[in-house]
Amino acid sequence: MQLALFIIFGALALGGALNLLFQRHPINSALSLVVVMMSLAVLYWSLGAEFLAAAQVIVYSGAIMVLFVFVIMLLNAGEEEHTTGSRAAYTVGIPGAAAIFCLLSFVFLSERNALSTSAIGGDLGNGVDNIAAVSAMLFTKQLLPFEVTSILILVAILGAVVLARKEL
Amino acid sequence: MSHLTNFEVFLLLSVLKVGVVLVITLMSVAYTVLLERKLLGRMQNRWGPSRVGPFGLLQPIVDGAKLFLKEDLMPLAVERPLFLLAPVIALACALVSVAVVPFGAVTRVRGVDIFELANVNIGLLVILGITSIGVYGITLSGWSSNNKYSLLGALRSTAQVISYELALGLSLVGVVLRAQSLNLRTIVDSQSAHGMLSWNIFGGFQFVAFFIYLMAAYAETNRAPFDMAEAETELVAGYHTEYSSMKFAMFFMAEYANMITVSCVATLLFFGGASSPFGHLIPAIGGHIMQAILPVLWFVAKVFAFLSLYIWVRATLPRFRYDQLMSFGWKFLLPLAMANIIITSFVLAIRG
């Protein structure tokens, strides 16, 4: 069953990603991105990372992508026109993407032994509660990066407020 | 049934549970509409529906048949696929969240808990996540209708839901801190020690969180006094202006299903879920079956009380203005919810 979940939602994620590229209308692309994120959330869950899955759905699909759709709706963006694309995209883009793909597969294959401890869907059956573990890790060992990240986000919010209200 | 394997029993019972819960949810959606019309009528000194069946009890069924048989108009200028998809998203998201609600005490029949569809470790987050996906139904319906009233209604609704989701989520943190779990079953169990005295709203001193939750929940479900999305004096009917027949009915059902979900969550988190308010004061009367059914009745009674409160509020309060709504959410509810989290965690840290 776990394998079936992986195949179905992996295919859905890939299909959504391809649809994102091929759709002409920005709102359809944004919705395909939502599909990709939801299927990724299911994959996370089938790997036992349930908190990550819920955060993915709530934060990315539920908040960030809603804002994307919101902006597209407000700008009333029309359909894209088909162009042949710039030269640079072909000369740099394709080798660059291939290089990143090769690098990632090399890293994953060479570190296979370290990664292979988590079987696909191995944690679906016995349901361990890993939220406590995640939060303990975040607030003890990773406290400094965590707080630095939150200050970074605070700075971004302040910047947005300053940009939005010029009279202040 | 003895020759079936465990997995087959699990599968059959699960399908049965899903069917029964779905039918009951849809029926209660239909009858919540009737309850609303009756109660609103009484509060406004009139009778409400009284012609179809005894006390108008068959009204929802007739309404459903009418909506089925209406002509399904498809306006010319709509974005067709999204226009069709939007009501499906709205209704599906409204119905799915019932799946993680435990509506009775743990009662196992051949190893399957019959009073909860799925016992998920992060049940609370699942409900929050599904609610946040439900926004797409409203947003897309407004945009794809190609109508300025629909678009304005959808924009208002989306902005409102995103803003109040923060206050809603933060108001639940106090409860989660007390129960130390996101599992709805565990949260209910953490309140079951002394009946009503150990409920989160009384013994848990989470009444501030409860009122934040209540107000945010009204805004989340686009109900009065926060029903800006369909303010009929300004926006015709808001995001579902262009919808007719069953597609309109799906939005309508989604609204009432959301009301029921929100009432279920309030019951589970603040009012002890399916546990009795008297705790162990009442002796356990009746056999096993009676003891299994009694908690379900308590649960239904609490949810019913919340639904009536919803209707009472709708009959009493006028609609907010849009800027009042936003400043209330961001400048009052959100800081209050944060203060509640800080105080709750201080008290828990000192006592623990």
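No hydrogens, no waters, no symmetry mates; every other heavy atom, side chains included, goes into these values. This structure is a prediction, so every number in the text was calculated from the model and none was measured.
Heavy-atom neighbours of A:F51 CZ from other residues, nucleotides or ligands within 6.0 Å: at or below the threshold of 12.
For a residue to count as touching a neighbouring chain, one of its non-hydrogen atoms must lie under 4.5 Å from one of that chain's; by this rule B:L155 touches chain A with backbone and side chain alike. Only the side chain of A:M38 comes within less than 4.5 Å of a heavy atom of chain B; its backbone N, CA, C and O stay farther away. For A:V34, the part sitting under 4.5 Å from any heavy atom of chain B is the side chain, from C-beta outward, and nothing else.
Annotation: maximal heavy-atom pairing with chain B below 4.5 Å, among A:V59, A:L67, A:L31, occurs at A:L31. Counting heavy-atom pairs closer than 4.5 Å to chain A, the top residue among B:G129, B:P81, B:G169 is B:G129. In terms of heavy-atom pairs under 4.5 Å with chain A, the best-connected choice from B:V126, B:T158, B:T131, B:V135 is B:T158.
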Is there a side chain to side chain contact (heavy atoms under 4.5 Å, CB included) between B:V161 and A:V66? Walk through the geometry before answering.
CA-CA 11 Å; B:V161 171; A:V66 170; over 6 Å; no

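A pairwise comparison of heavy atoms in B:I133 and A:S61 identifies CD1-CB, 3.7 Å as the closest pair. What you find for A:V69 and B:Y136 is that their closest heavy atoms are CG2-CE2, 4.0 Å.
Interatomic distance, A:H25 NE2 to B:L82 CG, rounded to the nearest 0.5 Å: 8.5 Å.
For residues 136-145 of chain A, heavy-atom neighbours of chain B at less than 4.5 Å comprise no residues at all.
Counting only heavy atoms from C-beta outward, the side chains of A:V57 and B:I130 never approach each other to under 4.5 Å.
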